[in-house]
Amino acid sequence: MTAISFQGSSVQPIAVHAAFDSGNIEVRRIADTSAWLELRPDPGNAFKQWFHFAVIGAAGRELTLKITDLNTSAYPAGWPGYNACVTEDRLRWDRAPSSFDANEDGGTLTIRFQPRGDLAWFAYFAPYSLERHMDLVAGSAAAEGFGHRVLGWSLDGRPIDCLECGEGDRHVWLFARQHPGESMAEWWMEGALAKLADRSDPVARALRQKARFHIVPNCNPDGSFRGHLRTNAAGSNLNREWGTPSAEKSPEVLAIRDAMDETGVDFAMDVHGDEAIPHVFLAGFEGMAGLKPHQKPGFDLYSELLAAQTPDFQTRHGYPLTPAGRGNPAMATNQLAARFGCVSMTLEMPFKDHDDLPDPVQGWSAERSMQLGRSCLDALHLWFARR
Ligand SMILES: [Zn+2]
């Protein structure tokens with residue numbers, strides 16, 4: 001780094017890098033404490049939205065970070081009203097005031113932040129690293145009554161880890177991070193797994209009596225490590241692969257679906273994040289033809305129980321309903337409802353905030369995602385009691 005003279009004093013320009021697990025940024029230009037940045041798209045160039053980078057050398061000075069060319073990002077509607085996540089201790093992530101201007105430099109998110117120290121990290125959402133994933137898997141596998149198996153292997157050679165527990169005859173599948181940039185989904189998993197493993201929790205003990213749980217905390221470890229938004233190493237959007245998964249394009253989905261075929265599925269939840277909608281919501285399988293009479297009431301009952309369980313969930317805002325017969329069987333929730341006649345659902349958490357109960361300091365956060373994981377199991381316990 002070269003010292004430059006600025007208004008008579010010697011100051012260092014900042015440095016920006018993303019050469020780490022789930023890192024994603026390209027540096028266009030740096031001047032003093034300002035940086036002009038771009039996102040690196042997923043393979044195939046179709047998706048970009050996730051970012052995760054470090055800034056070095058700005059202690060006590062205000063940073064102006066501009067991520068440009070965002071009108072071509074996957075979800076331009078994700079930027080207005082969004083504040084970037086920032087941490088200095090790598091433990092707690094807060095929000096840095098951010099603004100979006102669609103007319104500046106192809107669409108620019110400007111993040112302003114004055115770090116206390118020389119090191120700060122910025123991300124689209126609190127990241128969930130592959131190291132933490134391995135800690136989660138190892139810790140859960142060692143818990144009393146838990147087992148671990150590898151359902152298959154990713155294209156880069158990573159295991160598709162599945163944790164199992166419970167002695168009941170109903171099969172519950174919980175899986176997350178088909179879309180790797182939706183890191184809140186694995187924070188949700190950490191909360192859910194901790195609750196299920198807690199032998200002092202009566203709800204967890206009752207759930208484990210009633211059901212056998214199969215839990216895949218990260219369906220897409222390659223995309224997670226590579227810093228992708230939506231795809232695996234081959235550029236496949238895994239949640240469009242459930243109709244015809246293949247060893248070449250989507251071995252992760254093929255492995256999970258084959259394992260589901262062996263056990264059957266009574267209840268499934270696919271955990272995601274949504275870029276644009278500032279609410280927690282569920283999406284169902286109402287567009288599929290030939291549903292059994294119990295399926296839609298089962299979905300509605302779970303929604304109602306979860307809304308009663310936590311103010312961090314609501315049923316007024318979400319995706320528009322899919323007309324009957326128009327459901328896409330390449331998506332997990334639709335495929336599982338049709339394939340197994342089960343109650344399946346997609347849980348969406350926000351990148352922005354849950355506007356029904358906003359938190360201006362952290363927005364939607366890793367901590368709230370974990371808490372929601374616990375609440376979803378509480379609702380499942382009530383759901384089993386009512387069916
Ligand atoms: Zn998603």
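Read the numbers this way: they start at 1 and go in the same order the structure lists the ligands and their atoms.
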- Query: Among all residues two or more places apart in sequence or in another chain, which pass the side-chain contact (heavy atoms from CB on, under 4.5 Å) test with A18?
  - Reply: I25, F53
- Relative to each other, are the rings of H354 and W364 parallel, tilted or perpendicular (30° and 60° limits)? perpendicular
- Note on the structure: Residues at least two apart in sequence or cross-chain that pass salt bridge (Lys or Arg N to Asp or Glu O under 4.0 Å) with D266, listed by chain then number, are none
- Which class fits the ring pair H171 and H214: parallel under 30°, tilted 30 to 60°, perpendicular over 60°? parallel
- Can you count the protein N, O or S atoms that lie less than 2.8 Å from the Zn ion (ligand 1)? 4
- Task: Please name all residues satisfying side chain to side chain donor-acceptor pair (under 3.5 Å) with R339, sequence neighbours left out, ordered by chain then number.
- Result: D261, Q335
- Query: Strictly under 6.0 Å, is that where the ring centroids of F351 and Y75 end up?
  - Reply: no
